[in-house]
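Here's the structure, in structure tokens; my notes come after.
Counting begins at 1 with the first residue of the sequence.
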Amino acid sequence: MDAKTAQILDGKALAQKIQTELSDRVRALQPQKGRPPGLAVLMVGDNPASAAYVRNKERACAKVGIASFGKHYPANATQAELELAIRALNEDDRVDGILVQLPLPDHLDAISLLYQIAPDKDADGLHPVNLGRLVRGEQGLRSCTPAGVMRLLQEYQIDLKGKNAVVLGRSILVGKPMALMLLEADCTVTVAHSRSQNLESITNQADILIAAVGRTEMITANMVKPGAVVIDVGINRVVNPDGTSRLAGDVNFDAVKTVAEFITPVPGGIGPMTVAMLLENTVSSYIEYGSN
């Protein structure tokens, strides 16, 4: 390996490997279960990024052998209408996983809808029951993005025990569950955020640095300890001067790769892992709770 360039943690390749493994498991289990696993993605409105994510999820489902029961609602769909749909999916024996694609139009209460999903069908791992299981170190469906980060670190045999881990961002989607999973893996964990003072001095302590703040290329080389593992969870769309656009992370990849030992790219790092963990959660529910 070139001493001046970090090794790439290839989330895309690992996600494909996981999909192949899940496909084999589904093929073996389907004769006993009498049906394939089922995932229902509920989307409201016409957000182009959301539509692209949903298409990706449905394509990935098809590869693994998971049936899609997604529903697309107009932007003016009501809270009551969506709650009714979730309750029906909770009762539907063909469905093992349910998720509501965010963001939702402003008139809808996403948290209230999340609470309606049966915890054992919570494919995103964000229901309070599943987050509570994570806090307690009990088995349960895990939040997809941080679970994907942990799986990628495991794949590359990166030793976490006793390491200093810094998580940038404190969202319920990534930052908070990420910190808990790292704690569970025996890291010493610091959570930093927009109000943290002396951020550079905090990030420079990190053996494992995880950026999940949604600010384009905020992490520069001087913020990274030499030899650190840098995980970039950010996905930001940047418009180039010529009007074209590209995806960029929260990490200035070109600068940081000369300092870090391992780094994830954007795209092709954590994004594909998030989808792979969603599929894994669905198959886990199918095995654990799904009726024949």
Side-chain angles (χ1 to χ4, degrees), residues 38-62 66-92 94-131 141 143-146 148 169-178 193-194 212-216 233-239 243 245-250 266-267 270-272 274-275 277-279 281-282 285:
L39 175 66
V41 180
L42 302 183
M43 183 179 150
V44 184
D46 295 305
N47 180 310
S50 291
Y53 288 141
V54 170
R55 276 196 305 275
N56 282 345
K57 285 167 185 170
E58 287 178 347
R59 272 202 296 268
C61 279
I66 295 172
S68 290
F69 294 95
K71 293 188 178 180
H72 186 176
Y73 292 88
N76 62 358
T78 65
Q79 187 84 12
E81 192 180 350
L82 290 164
E83 287 182 2
L84 200 63
I86 290 169
R87 282 200 289 274
L89 291 167
N90 284 340
E91 299 298 318
D92 191 334
R94 300 168 302 163
V95 175
D96 302 287
I98 303 167
L99 75 87
V100 176
Q101 182 66 43
L102 302 177
L104 291 171
D106 291 343
H107 69 282
L108 296 170
D109 181 349
I111 293 168
S112 172
L113 290 175
L114 176 66
Y115 278 41
Q116 300 293 323
I117 297 172
D120 294 339
K121 292 191 177 189
D122 167 33
D124 253 345
L126 294 174
H127 191 283
V129 167
N130 286 319
L131 288 170
L141 298 171
S143 178
C144 297
T145 299
R170 52 181 167 176
S171 72
I172 203 69
L173 202 64
V174 182
K176 286 175 182 171
M178 187 78 255
H193 46 79
S194 57
V213 284
R215 289 179 58 190
T216 304
V233 179
I235 299 181
N236 311 292
R237 190 165 290 282
V238 179
V239 179
S245 67
R246 64 184 173 91
L247 290 180
D250 292 349
V266 175
I270 300 305
T274 299
V275 176
M277 293 299 102
L278 170 69
L279 303 177
N281 276 348
T282 304
S285 289

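Interatomic distance, CG of Leu114 versus CG of Leu126, reported as 6.0 Å (0.5 Å rounding). To the nearest 0.5 Å, atom CG of residue Leu279 and atom CD1 of residue Ile66 are 4.5 Å apart. Taken from CG in Leu82 to OH in Tyr73, the straight-line distance is 6.0 Å, to the nearest 0.5 Å. Between Ile86 atom CD1 and Leu113 atom CG the span is 4.5 Å, to the nearest 0.5 Å.
Residues passing the side chain to side chain contact (heavy atoms under 4.5 Å, CB included) test with Ala110 are Leu102, Leu104, sequence neighbours excluded. Legend: residues meeting side chain to side chain contact (heavy atoms under 4.5 Å, CB included) with Asn130, ordered by chain and number and at least two apart, are Pro119, Asp122, His127, Arg133, Leu141. Under the side-chain hydrogen bond (donor to acceptor under 3.5 Å, both in side chains) criterion, Arg215 pairs with no residue at all, not counting sequence neighbours. Not counting sequence neighbours, the partners of Asp46 by the side chain to side chain contact (heavy atoms under 4.5 Å, CB included) test are His72. For Lys57, the side-chain hydrogen bond (donor to acceptor under 3.5 Å, both in side chains) criterion is met by Gln101, not counting sequence neighbours. Residues passing the side-chain hydrogen bond (donor to acceptor under 3.5 Å, both in side chains) test with Asp250, sequence neighbours excluded: Asn236. A search for side chain to side chain contact (heavy atoms under 4.5 Å, CB included) contacts involving Pro105 returns Val44, His107, Leu108, not counting sequence neighbours. In this structure, the side-chain hydrogen bond (donor to acceptor under 3.5 Å, both in side chains) partners of Thr274, at least two apart in sequence or on a different chain, are Thr145. Not counting sequence neighbours, the partners of Asp92 by the salt bridge (charged side-chain N to carboxylate O under 4.0 Å, His left out) test are Arg94. For Arg55, the salt bridge (charged side-chain N to carboxylate O under 4.0 Å, His left out) test picks out no residue, with sequence neighbours left out.
Scanning all heavy atoms of the two residues, the minimum distance from Cys144 to Asn281 falls at SG-ND2, 3.7 Å. Between Ser68 and Cys61 the shortest heavy-atom distance is OG-CB, 3.8 Å. When every heavy atom of Ile235 is checked against every heavy atom of Gly271, the shortest pair comes out as CD1-CA, 4.5 Å. When all heavy atoms of Arg237 and Ser245 are compared, the closest pair comes out as NH1-OG, 3.2 Å. Between Ala49 and Asn47, the shortest heavy-atom distance links the atoms N-OD1, 2.9 Å. Contact between Gly70 and Glu58 at its shortest, heavy atoms only, is CA-OE2, 4.4 Å.
Between the side chain of Asn90 and the main chain of Ile117, no donor-acceptor pair closer than 3.5 Å is present. Looking only at distances, no side-chain donor or acceptor of Ser143 sits under 3.5 Å from a matching main-chain atom of Gly125.
Looking at heavy atoms from C-beta onward, Arg170 lies in side-chain contact with Ser194 at the 4.5 angstrom threshold.
Evaluation of the salt bridge (Lys or Arg N to Asp or Glu O under 4.0 Å) test over residues 81-91, restricted to residues two or more places apart or in two chains, returns none.
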